Amino acid sequence: MRTALITGANKGIGFETAKQLAQKGFYVFITARDATKGENAVEQLKQQGLANISFVEMDIASASSIQTAKGKVASQTDTLDVLINNAGIRGNGPQAASVIDITDVRRVFETNFFGTVQVTQAFMPLLKLSDEPRIVNVTSDLASLTLHNDPSWRYYAFKGAAYGPSKTALNAYTVSLAYELKDTAFKVNAVNPGYTATDFNNNMGTKKVEDAAQIIVQYATLDKDGPTGKFVSDYGESPW
C-alpha cells in the first residue's frame with residue numbers, strides 16, 4: 001500500500017485531501033498540532049469506512065516535534081511515497097508592509113516556510129526509498145509576484161507583508177528542491193488549491209474543499225512523465 005503524509009490535515013483542504021487519497025487506496029498519516037483535533041479527524045474518516053488512516057501529532061514550527069513525528073511514521077512504514085506540505089497560518093491582519101510587527105512576519109514564516117523546509121528535510125530519507133516519491137507544497141495565488149503587479153488581477157488589492165511573501169518563499173524553495181532532484185524519480189510542485197471556503201478565511205472562499213483537494217491529489221499522484229518544479233492552479237500553470 002502506498003503511503004502519504006499530510007501536514008495540517010485535521011480540517012479543511014488537508015482533511016479532504018486525506019479523504020480523497022485514502023479513497024484511492026493510500027495509507028494516510030494525518031498530522032496536526034492539536035492531538036484531540038487530529039484524533040477526531042481520523043475518527044470521522046474511519047466512520048466513513050476509511051480504515052487506512054492514522055494520526056501523528058506534529059507542530060511543524062517545532063524541530064523536536066517534527067523529529068518525534070518522523071520517528072513514529074518510520075516505525076509504521078519503511079517508505080513514504082507522498083508528502084503534502086499543507087499546514088500554514090494566515091497571520092494577523094492587516095499586514096501593511098510599512099507598519100507590520102516584525103514578530104508577526106517571523107511567526108508566519110516560521111510555519112509557512114521554515115517549518116515546511118524542516119518537515120521536507122526530515123522526511124526526505126523515507127521519501128528517497130519510494131519508487132515514485134511526490135512532494136506537493138500547498139501555495140497560494142498570493143505567492144505570485146507577477147500577478148501582484150497586474151492591476152487587472154482580481155486579487156490585486158490583496159497585498160500583505162507576511163502571508164503572501166511566505167508563500168513566495170515557499171515557491172522559491174520548491175524550484176530549488178525540484179532542480180536538486182531533477183535527475184531522480186521525484187516530482188516536486190507548488191500547488192495552489194484556490195480561494196476555498198474554510199476556517200482559514202472565515203469561509204469566505206468561493207471554492208468547495210472537495211474541488212480544491214482534487215488538484216492537490218492530482219499532483220500527489222503524478223505518473224513518471226508528470227511535471228516537476230511547477231507552480232500550478234486548477235486553471236493551469238501559474239505565473240511566478
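FYI, the numbering just counts along the sequence from 1. Here the structure is a predicted model, which means the values were calculated and not measured.
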Check your understanding: With a 4.5 Å limit on heavy-atom distance, are the side chains of Ser238 and Ser144 in contact?
Key -> no
Review point. Is it the case that Asn85 and Thr120 place a side-chain donor and acceptor less than 3.5 Å from each other?
Key: yes
Point to revise | Thr17 backbone acceptor or donor facing Gln214 side chain under 3.5 Å | key: no
Review point. How long is the gap from CG on Asn92 to CG on Asp101, to the nearest 0.5 Å?
Key: 8.5 Å
Review point. Got a second to check how far Gln121's CD is from Thr116's OG1, nearest 0.5 Å?
Key: 11.0 Å
Review point. Side chains of Asn137 and Asn189: does their closest heavy-atom pair fall under 4.5 Å?
Key: no
Exercise for review: Write down the atom of Phe109, the atom of Ala162, and the distance for their closest heavy-atom approach.
Suggested key: CE1-O, 3.7 Å
**Study point:** Single-linkage hydrophobic cluster, 4.5 Å side-chain cutoff, Val136 and Val209 together
**Key:** yes
Check your understanding: Do Ile84 and Leu21 come close enough that some side-chain heavy atom pair is under 4.5 Å?
Key -> yes
Point to revise | Sidechain-backbone polar pair: Gln95 side chain, Tyr163 backbone, donor-acceptor under 3.5 Å | key: yes
Point to revise | Connected via hydrophobic side-chain network under 4.5 Å: Val188 and Leu5 | key: yes
Check your understanding: Is it true that a side-chain atom of Thr31 and a backbone atom of Val56 form a donor plus acceptor pair closer than 3.5 Å?
Key -> no
Exercise for review: For residues Leu181 and Met124, report the shortest heavy-atom separation together with the two atoms involved.
Suggested key: CD1-CE, 4.3 Å
Point to revise | Joint hydrophobic cluster, Val28 plus Val138, side-chain heavy atoms closer than 4.5 Å | key: yes
Check your understanding: With a 4.5 Å limit on heavy-atom distance, are the side chains of Lys167 and Leu142 in contact?
Key -> no
Study note, to complete from the structure: Contacts of Tyr219 meeting ring-ring contact (aromatic ring centres under 6.0 Å, His included) (sequence neighbours excluded), chain-then-number -> none
Practice item. Kindly compute the distance separating CG (Asn52) from CG (Leu50), expressed to the nearest 0.5 Å. Key: 6.0 Å
Check your understanding: Can you tell me how far the CD1 atom of Ile30 sits from the NZ atom of Lys19, to the nearest 0.5 Å?
Key -> 11.5 Å
Check your understanding: What's the verdict on side chain to side chain contact (heavy atoms under 4.5 Å, CB included) for Thr146 and Trp153, showing C-alpha distance, side-chain angles and the deciding distance?
Key -> CA-CA 10 Å; Thr146 300; Trp153 183 41; over 6 Å; no
Review point. Which pair of heavy atoms, one from Ile60 and one from Ala87, lies closest together, and at what distance?
Key: CD1-CB, 3.8 Å
Revision key, fill the gap. Interatomic distance, CD@Glu110 vs OG1@Thr103, rounded to 0.5 Å, equals 12.0 Å
Point to revise | Gap separating the OG1 atom of Thr174 from the NZ atom of Lys230, nearest 0.5 angstrom | key: 13.0 Å
Practice item. For the residue pair Phe231 and Trp240, categorise the inter-ring angle as parallel (less than 30°), tilted (30 to 60°) or perpendicular (more than 60°). Key: tilted
Study note, to complete from the structure: Minimal heavy-atom distance between Arg134 and Ala185, with the atoms involved, is NH1-O, 2.9 Å
Practice item. For Thr139 and Asn171, test the side chains for any donor-to-acceptor distance below 3.5 angstrom and give the result as yes or no. Key: yes
Review point. How far apart are the C-alpha atoms of Glu16 and Gln20, what are their side-chain angles, what is the distance that settles it, and do they pass the side chain to side chain donor-acceptor pair (under 3.5 Å) test?
Key: CA-CA 6 Å; Glu16 178 62 28; Gln20 292 186 20; 2.9 Å; yes
Review point. Can you tell if the side chain of Tyr156 reaches within under 4.5 Å of the side chain of Leu147, non-hydrogen atoms only?
Key: no
Exercise for review: Determine yes or no for a side-chain-to-main-chain donor-acceptor pair under 3.5 angstrom, with Asp81 supplying the side chain and Ala4 the backbone.
Suggested key: no
Exercise for review: Inspect the surroundings of CG in Asp223 and state if more than 12 heavy atoms from other residues, nucleotides or ligands are less than 6.0 Å away.
Suggested key: yes
Practice item. Quick one: closest heavy-atom pair of Asn112 and Ser166, and the distance? Key: ND2-OG, 3.0 Å
Review point. Is a side-chain donor-acceptor pair under 3.5 Å present for Ser233 with Asn192?
Key: yes
Review point. Step by step, would you call Ser54 with Gln76 a side chain to side chain contact (heavy atoms under 4.5 Å, CB included)?
Key: CA-CA 10 Å; Ser54 64; Gln76 296 181 60; 3.8 Å; yes
Check your understanding: Mind checking whether Tyr173 and Phe113 have parallel, tilted or perpendicular rings, split at 30° and 60°?
Key -> perpendicular
Practice item. Please say whether the positively charged group of Lys182, taken as NZ for Lys or CZ for Arg, lies over the ring of Phe186, i.e. under 6.0 angstrom from the six-membered ring centre and within 45 degrees of the axis. Key: no
Practice item. Could you tell me which non-hydrogen atom of Phe26 sits nearest to which non-hydrogen atom of Val82, and how far apart they are? Key: CE2-CG2, 3.8 Å
Review point. More than 12 foreign heavy atoms under 6.0 Å from CZ of Arg107: is that the case here?
Key: yes
Review point. Counting heavy atoms not belonging to Lys128, are there more than 12 under 6.0 Å from its NZ?
Key: no
Practice item. Examine distances only and state if a side-chain atom of Ser75 and a backbone atom of Lys72 form a donor-acceptor pair shorter than 3.5 Å. Key: yes
Review point. Do side-chain atoms of Thr168 reach the backbone of Ala143 as a donor and acceptor pair under 3.5 angstrom?
Key: yes
Point to revise | Exercise: do Ser62 and Ser64 side chains pair donor with acceptor under 3.5 Å | key: yes
Exercise for review: Determine, using the 4.5 Å side-chain heavy-atom cutoff (strictly less than), whether Val117 and Val108 are members of one ILVMFWY cluster.
Suggested key: no
Practice item. Say whether Ile6 and Ile216 are linked into one hydrophobic cluster, either directly or through other cluster members, by side-chain heavy-atom distances under 4.5 angstrom. Key: yes
Practice item. Tell me, with the steps shown, if Met58 and Thr68 meet side chain to side chain contact (heavy atoms under 4.5 Å, CB included). Key: CA-CA 8 Å; Met58 181 166 67; Thr68 299; over 6 Å; no
Practice item. Report the C-alpha distance between Val42 and Lys46 in whole Å, list the side-chain angles of each, state the deciding distance to 0.1 Å, and finish with yes or no for side chain to side chain contact (heavy atoms under 4.5 Å, CB included). Key: CA-CA 6 Å; Val42 168; Lys46 287 185 175 180; 3.6 Å; yes
Check your understanding: Does the Thr111 side chain pair with the main chain of Ala61, one donor and one acceptor, at a distance under 3.5 Å?
Key -> no
Point to revise | Backbone N/O of Glu132 and side chain of Arg2: donor-acceptor pair under 3.5 Å | key: yes
**Study point:** Any donor-acceptor pair under 3.5 Å from Lys187 side chain to Pro227 backbone
**Key:** no
Review point. Considering only heavy atoms from C-beta outward, does the side chain of Phe15 approach that of Leu45 to under 4.5 Å?
Key: yes
**Study point:** Whether Lys159 side chain and His148 backbone form a donor-acceptor pair below 3.5 Å
**Key:** yes
